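Some notes on the structure that comes next.
When reading the values below, keep in mind they use all heavy atoms of this one structure, side chains included, and skip hydrogens, waters and symmetry mates. Everything numeric in this text was worked out from a predicted model, so none of it was measured. Below, chain A is the first sequence line, B the second, and so on; all start at residue 1.
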Amino acid sequence: MPDIYIAPKPKSSKGRSASGRKKESEKETSSFKLLVDSLAQKGVKPGTYPLGAFVALPKKIKFETQEKEEKIVLLLRRHWATNFSWLGLTLLAALFPLFLTHLPLLDFMPIRFRLVSILIWYLMILGFVFDRFLSWFFNVFIITDERVIDVDFFSLVYREISQSKIENIQDVTYRGGGLFRSIFDYGDVLIQTAAEKLTVEFEAVPHPAEVVKVINQLILQEEQEKIEGRVR
Amino acid sequence: MPIDDLIKVILILDIWQIAKLLVLAALAFYIVFTFLVIKEVSLMNRTLKSVFNLPIKIISWLHFGFAILVFILALIVL
């Protein structure tokens, strides 16, 4: 009779863990569906417009540090109205060479220099517009079902990505005010966190009240998941 | 160098030739800038992936191409 105890082999442990994972995934999917439903009740509808400043539940957008199961709930940019100043400036600059027929500003130059000057002028306008557009398009604020992320590009090759987990958020406030902000309904959302960097700030985002509601909903969901033991 | 010789040299130099050199130098710097923009765009595209990545990449290359075109034109025309 052998003295050594031999533990019984687990019944297809591989299969069980796979089914466990499946169940977990189903739970997560259903919790995400619940989130989508509750957002719909709050008037936040899924959007796919890639040039939008307030895109809820975007489908064809991903970010660099996104995890496999992580889903983007809101993608925010500065409101379109914040672009009016540089768009107006661009329009004026683009029309400026037309006034040169009336204003003798370049008359002292030979004709070949005038031609090249105008081409350089439009080249610089293109550079300016492209730079402004890139700055608007890629400086985004992302709210996923797990965290909030603020992506900032400061210069040509320097970027800063600050983020905070939903569970670390302590307080969410927004500030609006001002004629322009009231007309176009945009403002700043301040997210107070328990992390090293205390505040994550979403500047001039559309519908700040909606954004706060969505974050509060996510905090509630995260707490619920903690109680149920479904923490990723 | 005596002052008379200096004045002679300045009189020989065509002001528009100097202007041409300055314009070409400025455009060369601008070409470097447009190349940096291409690098910036590739970094940005890595950070946020969307359907607009390809059009933005194409625009950045067109910007670079336009800068080179203006440089060549300035080199020939001026």
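A/I149 contributes atom CD1, which lies 11.5 Å from atom OG1 of B/T47 (distance to the nearest 0.5 angstrom). With values rounded to the nearest 0.5 angstrom, B/F52 atom CZ is found 12.5 Å from A/K60 atom NZ. The distance from atom NZ of B/K49 to atom CD of A/Q66, rounded to the nearest 0.5 Å, is 9.0 Å. Remark: B/M44 CE to A/S135 OG distance equals 6.5 Å, nearest 0.5 Å. Between the OG atom of B/S50 and the CG atom of A/L51 there is a distance of 8.5 Å, given to the nearest 0.5 Å.
When all heavy atoms of B/W16 and A/R112 are compared, the closest pair comes out as CB-NH2, 4.2 Å. Closest non-hydrogen pair, B/R46 versus A/E64, comes out as O-CB, 3.5 Å. The two residues A/F138 and B/L48 have their closest heavy-atom pair at CE2-O, 3.9 Å.
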Could you tabulate the donor-acceptor pairs under 3.5 Å formed by side-chain atoms of residues 62-78 of chain B, not counting sequence neighbours?
residue : atom : partner : partner atom : Å
B/H63   : NE2  : B/Y30   : OH           : 2.9

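Counting non-hydrogen atoms of other residues, nucleotides and ligands closer than 6.0 Å to CZ of B/F35 gives a total of 12 or fewer.
The candidate with the highest count of non-hydrogen atom pairs below 4.5 Å against chain B, out of A/F113, A/F63, A/F133, A/F137, is A/F113. Contact count against chain B (heavy-atom pairs under 4.5 Å) is highest for A/L123 among A/L126, A/I142, A/V116, A/L123. Ranked by heavy-atom pairs shorter than 4.5 Å toward chain B, the options A/L115, A/V140, A/L75, A/I120 are led by A/I120.
Checked against salt bridge (charged side-chain N to carboxylate O under 4.0 Å, His left out), A/R147 has the following partners two or more places apart in sequence or in another chain: A/E70.
Heavy atoms of B/A26 lying under 4.5 Å from chain A are absent altogether. If you measure heavy-atom distances from B/T34 to chain A, you find no contacts under 4.5 Å at all.
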